[in-house]
Amino acid sequence: MRDLDWTPDELSQDILNWYDRNARSMPWRIGPKERTTGTAPDPYRVWMSEIMLQQTTVAAVVSYFERFTRRWPTVSALAAAQDTDVMGEWAGLGYYARARNLLKCARVIVTEYDGVFPDTYDELLTLPGVGPYTAAAVASIAFDRPETVLDGNVERVMSRLHDIHTPLPGVKPELKRLAGDLTPNARPGDYAQAVMDLGATICTPKSPACGLCPWRLPCKARKTGTAPELPRKTPKKPKPTRYGIVYIAQSKSGDWLLERRPDSGLLGGMLGWPGSDWTDAPNPAPPFAAQWRELKAEVRHTFTHFHLILAVQYAEFPADFSPGSPYEVISLRDFRVSDLPTVMRKAYDLYRLP
DNA sequence: GATTCGTGGAA
DNA sequence: TTTCCAAGAAT
């Protein structure tokens, strides 16, 4: 690197040595022994983990990854799954378009690729739910190709290593170029994971542990003392508050009345309670006429771009009441609260545990 | 390029 | 309590 007094080879070697001593164990990773013997991890598991890890912490992903791979051990098994089963298993992890694309992608792999994942960046990039980051991650980690991953960790590490003050997201192409200059031809997958591990454990957003960093000597932001304030980002808009009403109805025999949300948009494809729109002044929309009663407590929930306050109303519905789509009557035996997205589970908890 | 799309943990 | 933000992709 012209600005660093270290060669790319020296830098990548330093962090690979650090990784060999400090790699965290994760269910989708292979052990240190098979790593050095050239054994590659299962592309299906690498792909699954990378989809789940999009904007999601390792701690949140682990149990979901275990459940998914136990229930659907191969891409063929996943491709044959029911849509509603996959959505229910994803419930609580968020960003539900990922689950819809996960299933879509598995079916493309089976029908278009004979059940075998493609091994190039360009082919991976065409798959549903696979963008520039995930294509590079799968190509490097599962197929040993020298592609460059650029996620939030790499952005932070590169902006500090080179002391870049230009704000994101505009500076992304330059960070990608700088990251690419460091990507080695040998063990590119381990290198990618090493930089991300470094960002997650040492080069953290707040109070980075520079004293423990394998790049503490070359790092320019550490010299200047600007590391904790990098990377700079363009300011984000404040979140408005919206309001809504949900209707919880149960028959005498215990059947619940739920609603399957449309495939696109917020919580797309997920099961939930019937309800109003979520606006400044919501329009009441009870699923049937009854003496609806209201809980004293409200649901408070924050999505990516707005706060939500939900009033919870409840009533009994007749056993012979059988509404059509999008409503679904689910028996007490078949109902799993874990199939609901978190905001809907909060409403259930308020109703069920007063 | 700007928006939309979840959730939970940490400071 | 509020803000930040985490191994981003689709539109």
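Lettering follows sequence order; numbering is per chain, from 1. As the structure is a prediction and not an experimental result, all values here were calculated from the model.
Under the side-chain hydrogen bond (donor to acceptor under 3.5 Å, both in side chains) criterion, the residue pairs touching residues 226-250 of chain A are Asp163(A)-Thr226(A), with sequence neighbours excluded.
Asp85(A) has a carboxylate O that lies under 4.0 Å from a charged side-chain N of Arg71(A), or vice versa, which qualifies the two as a salt bridge. Salt bridge absent: Arg333(A) and Asp255(A) never bring a charged side-chain N and a carboxylate O closer than 4.0 Å. A salt bridge links Arg336(A) with Asp339(A): at least one charged nitrogen is closer than 4.0 Å to a carboxylate oxygen. Look at Arg216(A) and Asp14(A) and you find no salt bridge, because none of the NZ, NE, NH1 or NH2 atoms lies under 4.0 Å from a carboxylate O.
Note: CD (Glu155(A)) to C1' (dA6(C)) measures 12 Å, nearest angstrom. Across the protein-nucleic acid pair, Arg98(A) atom CZ and dG6(B) atom C1' stand 8 Å apart, rounded to whole Å. For the pair Leu168(A) CG and dA2(B) P, the interatomic distance rounds to 13 Å; values are reported in whole Å. Atom CG in Leu198(A) sits roughly 14 Å away from atom P in dA6(C) (whole-Å rounding). Distance Met270(A) CE to dG6(B) C1': 10 Å, rounded to the nearest Å. Leu310(A) has its CG atom 14 Å from the P atom of dG6(B), to the nearest Å. Rounded to a whole Å, the NE2 atom of His307(A) is 14 Å from the C1' atom of dG6(B). The separation between Arg100(A) atom CZ and dG6(B) atom C1' is 12 Å, rounded to whole Å.
DNA chain B lies under 4.0 Å from at least one heavy atom of each of the following residues of residues 338-348 of chain A: Pro341(A), Thr342(A), Val343(A), Arg345(A).
The phosphate of dG6(B) has neither OP1 nor OP2 within less than 4.0 Å of any side-chain N or O from His301(A). When the side-chain nitrogen and oxygen atoms of Lys236(A) are compared with OP1 and OP2 of dC5(C), one or more of them lie within a distance under 4.0 Å. Remark: Gln55(A) is not in phosphate contact with dA6(C), judged by side-chain N or O atoms under 4.0 Å from OP1 or OP2. A close approach under 4.0 Å does occur between a side-chain nitrogen or oxygen of Arg156(A) and OP1 or OP2 of dA6(C).
If you find the closest nucleotide of DNA chain C to Ser49(A) and to Thr302(A), the one lying nearer the 5' end belongs to Thr302(A). Both Ser207(A) and Ala60(A) sit near DNA chain B, but only Ala60(A) has its closest nucleotide nearer the 5' end.
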Short heteroatom pairs, N/O only, protein and nucleotides 9-11 of chain C, under 3.5 Å:
residue: dA9(C); atom: OP1; partner: Gly131(A); partner atom: N; Å: 2.9
residue: dA9(C); atom: OP1; partner: Gly131(A); partner atom: O; Å: 3.3
residue: dA9(C); atom: OP1; partner: Thr134(A); partner atom: N; Å: 2.9
residue: dA9(C); atom: OP1; partner: Thr134(A); partner atom: OG1; Å: 2.8
residue: dA9(C); atom: OP2; partner: Pro132(A); partner atom: N; Å: 3.4
residue: dA9(C); atom: OP2; partner: Tyr133(A); partner atom: N; Å: 3.2
residue: dA10(C); atom: OP1; partner: Gly129(A); partner atom: N; Å: 2.5

Between protein and nucleic acid, restricted to nucleotides 3-5 of chain B and to nitrogen or oxygen atoms under 3.5 Å apart, what atom pairs and distances do you find?
residue: dC5(B); atom: OP1; partner: Leu266(A); partner atom: N; Å: 3.4
residue: dC5(B); atom: OP2; partner: His305(A); partner atom: NE2; Å: 2.9

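Not less than 6.0 angstrom separates the ring centroid of Tyr314(A) from the ring centroid of Trp273(A). Checked against a 6.0 Å centroid threshold, the rings of Phe306(A) and Phe303(A) count as neighbours.
In this pair, Phe321(A) and Phe317(A) present their aromatic rings perpendicular. The plane angle is above 60°, beyond the 30 to 60° band.
In the interface, the side chain of Thr56(A) is paired with the base of dG6(B) through a donor and an acceptor atom under 3.5 Å apart.
Of the listed residues (Val312(A), Val246(A), Ile309(A)), just one forms a side-chain contact (heavy atoms from CB on, under 4.5 Å) with Val299(A), and that residue is Val312(A). Among Lys346(A), Arg345(A), Arg352(A), the one residue that satisfies the salt bridge (charged side-chain N to carboxylate O under 4.0 Å, His left out) test with Asp349(A) is Arg345(A). Partner of Met48(A) under the side-chain contact (heavy atoms from CB on, under 4.5 Å) criterion, chosen from Trp72(A), Phe68(A), Trp28(A): Phe68(A).
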Exercise for the section: Carefully, step by step, assess Arg187(A) and Asp190(A) under the rule salt bridge (Lys or Arg N to Asp or Glu O under 4.0 Å). Expected result: CA-CA 5 Å; Arg187(A) 301 181 62 189; Asp190(A) 287 340; 3.0 Å; yes
Handout entry: Intra- and interstrand pairs of DNA chain C - dot-bracket, Watson-Crick/G-U under 3.5 Å, | marks other strand
Key = .|||||.||||
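More than 12 non-hydrogen atoms from other residues, nucleotides or ligands lie less than 6.0 angstrom from CG of Asn17(A).
A distance of 6.0 Å separates SG of Cys203(A) from CZ of Arg156(A), quoted to the nearest 0.5 Å.
Among residues two or more places apart in sequence or in another chain, the side chain to side chain contact (heavy atoms under 4.5 Å, CB included) test is passed with Asp83(A) by Leu103(A), Arg107(A).
Base engagement by Arg29(A) is indicated by at least one non-hydrogen atom pair under 4.0 Å involving a base atom.
Separation of the P atoms belonging to dA9(C) and dG8(B) is 22 Å when rounded to the nearest angstrom.
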